[in-house]
There are 2 protein chains.
Amino acid sequence: MDTVGTASIHFSAVAGRSSLADIARLAGVSLATASRAMSNSYGVAPATRARVLRIAEELDYVVSPEASRLARGAVGRVALVVPHVDRWFFGAVIGGLEAELSDAGLDVLLYHVGDADDRRDFFHRLPARRKVDAVVVVAFEVADAERERLERMGVLVVAAGGQDEVYPGVRIDDREAGRRAVDHLLFLGHRRIGMISAVDPDQPVAARPHGRDQAYHDALRDAGLPIDDELVVTIEWSGVAAADAMAALLSLRSPPTAVYCHSDELALGAIRTIRRAGLRVPEDLSVIGVDDHPLAELTDLTTVAQPARDQGVRAAHLLLARLRGQGSPQHVVLPTRLVIRRSTAPPREV
Amino acid sequence: MDTVGTASIHFSAVAGRSSLADIARLAGVSLATASRAMSNSYGVAPATRARVLRIAEELDYVVSPEASRLARGAVGRVALVVPHVDRWFFGAVIGGLEAELSDAGLDVLLYHVGDADDRRDFFHRLPARRKVDAVVVVAFEVADAERERLERMGVLVVAAGGQDEVYPGVRIDDREAGRRAVDHLLFLGHRRIGMISAVDPDQPVAARPHGRDQAYHDALRDAGLPIDDELVVTIEWSGVAAADAMAALLSLRSPPTAVYCHSDELALGAIRTIRRAGLRVPEDLSVIGVDDHPLAELTDLTTVAQPARDQGVRAAHLLLARLRGQGSPQHVVLPTRLVIRRSTAPPREV
DNA sequence: CTGTTAGCGCGTTCAT
DNA sequence: ATGAACGCGCTAACAG
């Protein structure tokens, strides 16, 4: 697909003039000793070590990662596979991962695998092969066929965010999160509750029922309420689509008095439609989201908060522990919590 | 399912366990030929090449990047230095960069340099040294001292987003963007216009006057309007802080009839305060932002749009051109445009 | 077109 | 404590 462009690129080698050999010569020691000094190995006289380090410092010397890794066999890098980079949640998880990983001295390679083409390409070519010690799938549903390909990389795989059950990882309980949202609406007295449900068209694993969907059904059933299919609209993951979905709900003979949205972004889309219809939130209609996106605070949106950055941080810890051969929990489930703002209220008296 | 097929092969089926030597032996050719075949070099008989590739495929062979790069002298990697990963604009730029760079066969290393500590550490240790062919600073103001450190890496540096003037790069004209915003408010008839101005406390280069600030002064001056310092509030880059700033503006003896915010996020903060005060947007007060954040569309916010992802894409192109030794423009300035929605209107008749 | 032979820069046994 | 030498896996001359 890009072979032509790629083949013609010639990278100019540069940087780091000096090599370990230079350092060794200048320090008057052998290459072996210089190497040991640089890597803090045992068996080097403090004095010699100091001398070597000083020379290296002066020469602005840096060990060649390629050579070092070639000789050593390890790589010291981990790949992050992400379906989105421009959505808050993903960015936050990536941020958490990056912080911990780079703190541990690992380099972070970023692989953005967005649409179906990207996916096919990524799992077919496995561009990260031989380049990393581990890969983290960020809120990414790995299909069975893809999983098989991933195996061939022969490296540790960890999941951060998302609902993956196969790889060790960190996540929230989507069912619990959704339940908190719907239960809150029920508690406020709503009996006719709509749901705007989102699926990612590029995530092939849509088969498995989504926890946030189940929560809706669970909550209504437990409240002894009937499920009205009209009240559920399933769309792709986009605020604009949610705005349209809300319009559909408002076109019902008997519209809902409250709407549960799978995410804050969707909730904002829904609110736009409600306002354009001349109705007020929450007086005329309540809306609740999930995520606690930073802008939810600014838009006074009631939501169920999930720790985003923290999922990345914890996933990194889990990854590091396993890389070191230490034991670590298979799955870490982080808590969610209801954040009440001003987009929800009891239903209007009829 | 294709690995162990050839009975005569005794190598383990584990990915990446075989070397070029194995391939060469099995294909009955020399190492050199195998290498040429793998790298698509000229001078290999189609038949031999095919044979080599088939064997490689069967063995699930992947060239060792370390060895290859060590021998070749280049690295095929570029570092992205970013101050934020969880803000839309940065994510979008990163997305654009990643797409083009990985298409060109380059790996992308991510370095999140957030607060002052991160910066000091990054520029002191230069963890990307010898690991990359180039570094991209994403909307990042590089201080002079830092610039000097960066030089020592001896690699190409490119800027994406931000207002860097030193490195070749891609950006928008902040002054123009701001001008569009303020001019629009003036055109609507506003004469008392406030500004919520943001600075990043972790960006040490706050000294240089910000283009979005200048635009405000330029526009008012050109309109023959006086500058009232009371109407300008400078805060850190946060929606919550903007909400407070808006409160300050509303506490004035003579509040503005319209507010120009340096970003959409700030605008949303301002709007929250306005609404909480029982006032309506835009009937009582107009608000305009800059960016065209995806949520601006959902919140019906009038704003000046800037191409985010595209700045990344173009910066990548510029980078690739230079890596190839081709000429390329020093600075690319992308256009901005006013997007009128429902947060601005003519001032109320007094 | 293909094979031989040097390195690339460093880690790591072995000796000493 | 230190040094010599080999090997990591591959690419790039240079022959043939």
Side-chain angles (χ1 to χ4, degrees), chain A residues 7 9-53 55-56 59-76 129-131 133 154, chain B residues 11-12 14-53 55-56 59-77 105 129-131 133 154:
Chain A
I9 299 183
H10 292 210
F11 309 103
S12 48
V14 255
R17 295 242 132 310
S18 37
S19 71
L20 226 206
D22 301 328
I23 308 296
R25 196 179 322 121
L26 285 171
V29 298
S30 78
L31 218 118
T33 301
S35 171
R36 285 192 275 253
M38 292 301 298
S39 55
N40 259 316
S41 285
Y42 296 95
V44 181
T48 15
R49 211 240 299 285
R51 185 151 35 92
V52 172
L53 289 182
I55 305 263
L59 281 196
D60 206 35
Y61 167 77
V62 186
V63 172
S64 156
E66 321 300 334
S68 170
R69 285 161 180 166
L70 213 213
R72 193 192 327 243
V75 297
R129 263 186 182 216
R130 296 270 240 147
K131 294 180 187 166
D133 293 318
Chain B
F11 305 92
S12 87
V14 178
R17 235 32 199 124
S18 39
S19 74
L20 226 206
D22 301 327
I23 309 297
R25 192 179 328 120
L26 287 171
V29 297
S30 77
L31 216 107
T33 299
S35 171
R36 285 191 278 256
M38 292 303 298
S39 57
N40 256 315
S41 286
Y42 296 96
V44 180
T48 2
R49 211 242 296 289
R51 186 151 34 92
V52 172
L53 290 182
I55 305 265
L59 279 196
D60 205 33
Y61 167 76
V62 186
V63 172
S64 157
E66 321 299 336
S68 168
R69 284 161 179 167
L70 176 56
R72 190 188 335 235
V75 297
R77 243 173 268 142
R129 267 186 173 216
R130 296 272 242 146
K131 292 180 188 166
D133 293 317

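Here is how names work: the chains are called A, B, and so on, in the same order as the sequence lines, proteins then strands, and each is numbered from 1.
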Provide, to the nearest angstrom, the distance between the [atom1] atom belonging to [X] and the [atom2] atom belonging to [N].
X     : N      : atom1 : atom2 : answer
B/L20 : D/dA12 : CG    : C1'   : 14 Å
A/R25 : C/dG9  : CZ    : P     : 12 Å
A/E66 : C/dG11 : CD    : P     : 13 Å
A/R72 : C/dG9  : CZ    : P     : 17 Å
A/L31 : C/dC10 : CG    : P     : 8 Å
B/R36 : C/dT4  : CZ    : P     : 11 Å
A/L70 : C/dC10 : CG    : C1'   : 9 Å
B/R49 : C/dC1  : CZ    : P     : 10 Å

Closest nucleotide of DNA chain C for B/A71 versus for B/A34: which of these residues is on the 5' side?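 Counting from the 5' end, the first nearest nucleotide belongs to B/A34.
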Using modelled atom types only, decide if a donor and an acceptor are shared between the side chain of B/R77 and the backbone of B/K131 within a distance under 3.5 Å. yes
Side-chain-base donor-acceptor pair under 3.5 Å for B/R69 and C/dG9: no
Output yes when A/D60 and B/R129 qualify as a salt bridge under the 4.0 Å nitrogen-oxygen rule, no when they do not.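 So A/D60 pairs with B/R129 through a salt bridge.
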Shortest non-hydrogen contact from A/D133 to A/G76? OD2-N, 2.7 Å
Can a side chain N or O of [X] be found less than 4.0 Å away from OP1 or OP2 on [N]?
X     : N      : answer
A/S35 : C/dG11 : yes
A/Y61 : C/dC10 : yes
A/S19 : C/dG9  : no
B/T33 : C/dT2  : no

Indicate, with a heavy-atom threshold strictly under 4.0 Å, whether B/S39 touches base, sugar-phosphate, or nothing. nothing
Base, sugar-phosphate, or nothing: which does B/A45 touch, judged by heavy atoms less than 4.0 Å apart?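 Sugar-phosphate: the residue B/A45, judged by heavy atoms under 4.0 Å, touches backbone atoms but no base.
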Nearest listed nucleotide, side chain of B/S68, among D/dG9, D/dT2, D/dC10: D/dC10
Which nucleotide in the list D/dG3, C/dC10, C/dG3 gets nearest to the side chain of A/S64? C/dC10
If we only count heavy atoms from C-beta on, is the B/L20 to B/Y61 side-chain gap below 4.5 Å? yes
Stepwise, does the side chain to side chain contact (heavy atoms under 4.5 Å, CB included) test hold for B/R49 with B/V52? CA-CA 5 Å; B/R49 211 242 296 289; B/V52 172; 5.8 Å; no
